[in-house]
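Below is one structure, written out as structure tokens; the observations come after it.
Whatever order the structure lists ligands and atoms in, that order sets their numbers, starting from 1. Residue numbers run from 1 in the order of the sequence given. Note that the structure is predicted; figures quoted are calculated from it, not measured.
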Amino acid sequence: MASVAINSIDFEEEVKKARECYMYGDYGRSTTFYKLAIDKLRRYCQTLSNVAEKKHGNECIVELERELKSTVEHERMIEEIHENLFKKYTSGGGGRAAGGDINNDLNYGSPFYNAAVDERPTRDPGFNNRNPAQGVAPFQPASARPQGGARDIRSANHNQRGRNPPSNAPHNKQKQSDNKRGSNQADNAEKRYIPTPAEKDLVEGLERDIVQKDPNVRWVDVAGCTGAKKLLQEAVVLPRYIPDFFKGIRRPWKGILLFGPPGTGKTMLAKAVATECKTTFFNVAAANLTSKYHGEGEKLVHLLFELAKFYAPSTVFIDEIDSLCSTRGQSNEHEASRRAKSELLIQMDGVSGALGNEDPSKMIMVLGATNHPWDLDDAMRRRLEKRIYIPLPDAATRKQLLEINLKEVSLEKDVDLDIIANKLNGYSGSDITSVCRDAAMMQMRRATENLSMTQIQEQAQVLKEKLQSPTIMKDFEDAISKISSSVSKEMLEKYDQWMKDFGSV
Ligand SMILES: Nc1ncnc2c1ncn2[C@@H]1O[C@H](COP(=O)(O)OP(=O)(O)OP(=O)(O)O)[C@@H](O)[C@H]1O
């Protein structure tokens, strides 16, 4: 059939999706999209008066119906395979362990899956080797064709199995709703979110850049911040362990804001929350939501929360949240970021629903961080109900930070950490890390001061011994004189004021 010239109407999108779903083995959704497309095209043809156009439109309908029929057949075939497998395991031959889950058994990763026996459906011997695109009619536009060539239909079937067990198998009903979007791997394997073809790239990007299974930062790794730790424990950790108490008026907070000068440990605190609560950690730089994935911010935010629900319990940490949720209606606000922001607000409202279901294992906690709390949108500020100030470290915390940073550095006896901590008044945690790093490098600088690269190579062994000598007090004094505090007095006054106006204690 010739390519269709009726490009202007909106059934193209349905055809595109129908074919995409078909290519990826998602026959159920493919069928739905085909039906929608056919319906739209049929109605469109009824409005045509030009005979040739009408004839062409009807030819397209016939072609789409043919594609639909083949999709339905494939869907049936997959269901049949599942049924056969089910019969096999329930007739006693499969040796399933008591209490085992048939859905797990149907996964390829399962010990019950035997590729040699179960792989190929018998109904259509050529099916597994066929490029699915060959089976479908060339209804264009070409843009509607999936890019990158056809995917192996066997892996598509694999996905189909992992994703949705056969709808007509009664034993699967419960599991099916629990496991709607993800593959349910064998018992000990990690479950994975299976995206739709349209979501694939974004989900892969999110999983690569954002999801962290174990951030591995404990409370003890974060110096000071005692008040913040206590509040976070009360707000995040305790509801997970004693959910019955955190109901009604005591319901957990929808979201928490960590604000304060840069480099004071906000990110570390968020990671510690995720580690201590054993939640999946989503570490999102808000700016990425609008810039890195051009124009897809809204979709990305939506998917981010889909993933968070799927991998729940989750902690969604949004750093620099002010860059996404700055005061609304500013003339320079881009439409895409406005939409992403609205989606974030909607999703955050939904998060309380996740908590409201009273299942702590489904809990999603949104933690925002900002160095510019005064730039936050009112709507977002309201949703970040608990607002915790992470100030510059006090003297005791500064000493603790020095100890943490210098635990692998040998120090001369004259090094007095209390004196250094006093000198670092006004420095942030990351400023202190920089001072320690610089001080620890002084030894190497002294040793290599007048040497060329060639001489350094030649004297490597002697140098190595010299570098064993400890860091001295003067190294710290020199480092402090070179590195100044990154936070100004005016900024600190601004934080204090905002804390008085909007902060939580
Ligand atoms: N309280 C702290 N305990 C231990 N290390 C800290 C602390 N505060 C800062 N640091 C050091 O500073 C670095 C930066 O900390 P972190 O990223 O948590 O700060 P932040 O407040 O999130 O900064 P920003 O606002 O710039 O994102 C850490 O990797 C760590 O080396």
Quiz item: Applying a 4.0 Å heavy-atom criterion (strictly less than), which segment of D319 is in contact with ligand 1: side chain, backbone, both, or neither?
Solution: side chain
Quiz item: So, R446 and D475, do they make that salt bridge, N to O below 4.0 Å?
Solution: yes
Quiz item: Below 3.5 angstrom, do we get any N/O pair linking G265 and ligand 1?
Solution: yes
Exercise. Assess the side chains of D478 and S481: does a donor N or O sit below 3.5 Å from an acceptor N or O?
Key: no
Quiz prompt | T264 vs Y389 side-chain heavy atoms within contact, under 4.5 Å | solution = no
Quiz item: Is there a donor-acceptor contact under 3.5 Å linking the side chains of Q497 and E493?
Solution: no
Self-check item: Protein contact of atom 14 (C) of ligand 1 - nearest heavy atom, named by residue and atom, plus distance
Solution: S430 CB, 4.0 Å
Quiz item: Of the options L367, V273, V284, which is the one that meets F317 in a side-chain contact (heavy atoms from CB on, under 4.5 Å)?
Solution: L367
Exercise. Say whether T397 and D394, considering side chains only, have a donor N or O and an acceptor N or O under 3.5 Å apart.
Key: yes
Practice problem: Could you tell me whether some N/O pair between A223 and ligand 1 is separated by less than 3.5 angstrom? | Solution: yes
Practice problem: With the side chain counted from C-beta on, respond yes when M442 and F476 share a heavy-atom pair under 4.5 Å apart, and no when they do not. | Solution: no
Quiz item: Measuring from the heavy atoms of L269, does anything fall under 4.0 Å of ligand 1?
Solution: no
Practice problem: Among all protein heavy atoms, pick out the one at the shortest distance from atom 22 (O) of ligand 1; state its residue, atom name and that distance to 0.1 Å. | Solution: T267 OG1, 2.6 Å
Quiz item: Taking distance alone, with no angle check, do M268 and ligand 1 share an N/O pair under 3.5 Å?
Solution: yes
Quiz item: Heavy atoms, side chains only, cut-off 4.5 Å: are D438 and R445 in contact?
Solution: yes
Practice problem: Look at ligand 1 and say whether G263 reaches it with a heavy atom at a distance under 4.0 Å. | Solution: yes
Self-check item: Residue portion contacting ligand 1 (non-hydrogen atoms closer than 4.0 Å) for N371
Solution: side chain
Quiz item: Just which atoms of ligand 1 are under 4.0 Å from any heavy atom in G429?
Solution: 8 (N), 9 (C), 10 (N), 11 (C), 12 (O)
Quiz item: Hey, is D378 close enough to R381 for a salt bridge, meaning N to O under 4.0 Å?
Solution: yes
Quiz item: Considering only heavy atoms of D221, which atoms of ligand 1 have at least one such atom less than 4.0 Å away?
Solution: 3 (N), 4 (C)
Exercise. Would you mind running through ligand 1 and noting each atom that sits below 4.0 Å from a heavy atom of V222?
Key: 1 (N), 3 (N)
Practice problem: Please work out which of N405, V217, T433 has its closest non-hydrogen atom nearest to atom 11 (C) of ligand 1. | Solution: T433
Quiz item: Should you measure from each heavy atom of T264, which atoms of ligand 1 turn up under 4.0 Å away?
Solution: 1 (N), 8 (N), 9 (C), 19 (O), 20 (P), 21 (O)
Quiz item: By number and element, which atoms of ligand 1 are closer than 4.0 Å to a non-hydrogen atom of L401?
Solution: 2 (C), 3 (N), 4 (C), 5 (N), 6 (C), 7 (C)
Self-check item: Those residues that, when tested against A421, pass side chain to side chain contact (heavy atoms under 4.5 Å, CB included) (two or more places apart)
Solution: R398, K399, L402
